[in-house]
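Counting starts at 1 for both ligands and their atoms, in listed order. Numbers for residues simply follow the sequence, beginning at 1.
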Amino acid sequence: MLVTIMNQHIQHPVIDDRMARLRQCDCPTSEFRTYVHEIAQMMVPSVTENLFTMSVEVKTPLEVTTGRKLEREIVLVPILRAGLGMLDGFLNLLPTASVAHIGMERDEQTLQPRSYYFKAPTVLNHADVIVIDPMLATGGSAAAAISELKNNGAKHIRFACLVAAPEGLQTMNNAHPDVSIYYPALDNRLNEQGYILPGLGDAGDRIFGTVNP
Ligand code: PRP
Ligand code: URA
């Protein structure tokens, strides 16, 4: 089957403004959380713009007409922990979505992901599944999470992050060419510790205030 890779660099001046504030190393936790939330919410129209819809009959107070509704249910999948920071922004615009949780932690030495939690709704195999995580670095965590979702029946999957590294895009496009990736920032590269440059540091630590002094 021929698959067209559709990565999308989401560009918007207000998102750029929030990204610049977020990256600042002295941005306090409360503001960091707010910016992640705001950017996530602003990404939703782009991430969902080509979802399939179907025709429905609508009875207005005056007459009957036709409208369109989403063809499939939406399942949002935050990759724990940092993905949780984007969840409410997505739910604000997609309040009927169900939520699957995937626990994935990157080993700091090997940079390999370790899966520690998986709980997904049964509708996974006929839903539009949107995986969310602020950081796509080596791409190992996202690729492993998506493999787990596919093993559990997911077929229509897209991935949304805040900052993508070229290495992460490459890993994902090789492992899952059927999954479109949406990102407002494409950074330069990874450092030796697998952190994105210029990046924003450890997203989970900055969202949850667990940065070591
Ligand atoms: C971070 C981030 C991604 C992963 C990206 O999570 O939120 O899940 O690293 O790195 P990768 O692309 O090289 O796999 P982390 O493992 O630090 O866990 P956390 O969210 O609990 O902080
Ligand atoms: N995970 C993060 O939180 N930040 C990075 O730069 C890389 C992986």
Side-chain angles (χ1 to χ4, degrees), residues 5 7 9 18-29 31-33 35-37 39-40 43 47 76-90 99-120 129-150 157-177 179-213:
I5 295 173
N7 297 338
H9 188 176
R18 300 301 189 274
M19 285 297 307
R21 294 165 189 258
L22 179 81
R23 287 184 193 267
Q24 288 284 356
C25 57
D26 57 358
C27 175
T29 301
E31 286 176 26
F32 191 92
R33 246 182 237 144
Y35 298 143
V36 170
H37 172 85
I39 296 168
M43 289 174 67
V47 174
L76 299 171
V77 190
I79 301 180
L80 308 181
R81 286 175 302 168
L84 289 174
M86 297 172 69
L87 180 61
D88 283 348
F90 271 75
V99 180
H101 293 86
I102 296 189
M104 202 58 80
E105 189 171 39
R106 198 172 76 148
D107 182 293
E108 284 181 15
Q109 258 71 50
T110 64
L111 303 185
Q112 292 306 305
R114 180 184 69 86
S115 166
Y116 62 88
Y117 188 78
F118 185 90
K119 183 78 108 190
V129 176
I130 306 176
V131 182
I132 51 180
D133 188 327
M135 309 304 279
L136 182 67
T138 65
S141 303
I146 288 167
S147 295
E148 222 168 324
L149 287 162
K150 286 182 175 175
I157 307 174
R158 48 193 72 203
F159 177 78
C161 61
L162 302 192
V163 183
E167 294 89 333
L169 289 179
Q170 189 70 60
T171 302
M172 280 283 285
N173 290 162
N174 290 342
H176 301 293
V179 174
S180 299
I181 305 171
Y182 299 83
Y183 48 91
L186 174 58
D187 277 12
N188 297 334
R189 63 184 176 90
L190 302 180
N191 70 10
E192 293 71 30
Q193 288 76 42
Y195 277 88
I196 300 177
L197 296 175
L200 47 78
D202 188 305
D205 281 346
R206 295 195 66 187
I207 290 168
F208 294 108
T210 49
V211 186
N212 292 325

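Taking the centre and axis of the six-membered ring of Tyr116, the NZ or CZ atom of Arg81 falls outside the cone set by 45° and 6.0 Å.
Within 4.0 Å of ligand 1, the residues that place a heavy atom are Leu80, Arg81, Ala82, Glu105, Arg106, Asp133, Met135, Leu136, Ala137, Thr138, Gly139, Gly140, Ser141, Asp202, Gly204, listed by chain and number.
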Counting only pairs under 3.5 Å, give me each side-chain donor-acceptor contact of residues 133-142, with atom names and distances, residues two or more places apart or in other chains.
{"residue": "Asp133", "atom": "OD1", "partner": "Met135", "partner atom": "N", "Å": "3.1"}
{"residue": "Thr138", "atom": "OG1", "partner": "Gly140", "partner atom": "N", "Å": "3.1"}

Could you list the donor-acceptor pairs under 3.5 angstrom formed between side-chain atoms of residues 160-168 and any protein atom two or more places apart in sequence or on another chain?
{"residue": "Glu167", "atom": "OE2", "partner": "Leu190", "partner atom": "N", "Å": "3.1"}

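Distances shorter than 4.0 angstrom occur between a heavy atom of Arg106 and an atom of ligand 2.
The salt bridge (Lys or Arg N to Asp or Glu O under 4.0 Å) search around Asp202 returns none, not counting sequence neighbours.
At least one N or O atom of Ala203 sits closer than 3.5 Å to an N or O atom of ligand 2.
The 12-atom threshold is exceeded at CD of Gln193, counting heavy atoms of other residues, nucleotides or ligands nearer than 6.0 Å. In the displayed structure, Glu31 atom CD is contacted under 6.0 Å by more than 12 heavy atoms of other residues, nucleotides or ligands.
Those atoms of ligand 2 with a heavy atom of Ala137 less than 4.0 angstrom away are 7 (C), 8 (C). Each of the following atoms of ligand 2 lies closer than 4.0 Å to a heavy atom of Ile196: 5 (C), 6 (O).
In terms of modelled atom types and a separation under 3.5 Å, the side chain of Arg23 and the main chain of Gly199 share a donor-acceptor contact.
Atom 5 (C) of ligand 2 has its closest protein heavy atom at Tyr195 CD2, 3.4 Å. Among protein heavy atoms, atom 4 (N) of ligand 2 sits closest to Gly201 O, 2.8 Å.
The closest non-hydrogen atom to atom 7 (C) of ligand 2, taken over Ala165, Gly168, Ser141, Gly194, comes from Gly194.
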Kindly indicate, with the supporting measurements, whether the criterion ring pair (Phe, Tyr, Trp, His ring centres under 6.0 Å) is fulfilled by Tyr183 and His9. CA-CA 5 Å; Tyr183 48 91; His9 188 176; 5.4 Å; yes

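Between Ile146 and Met172 the shortest side-chain heavy-atom distance falls below 4.5 Å.
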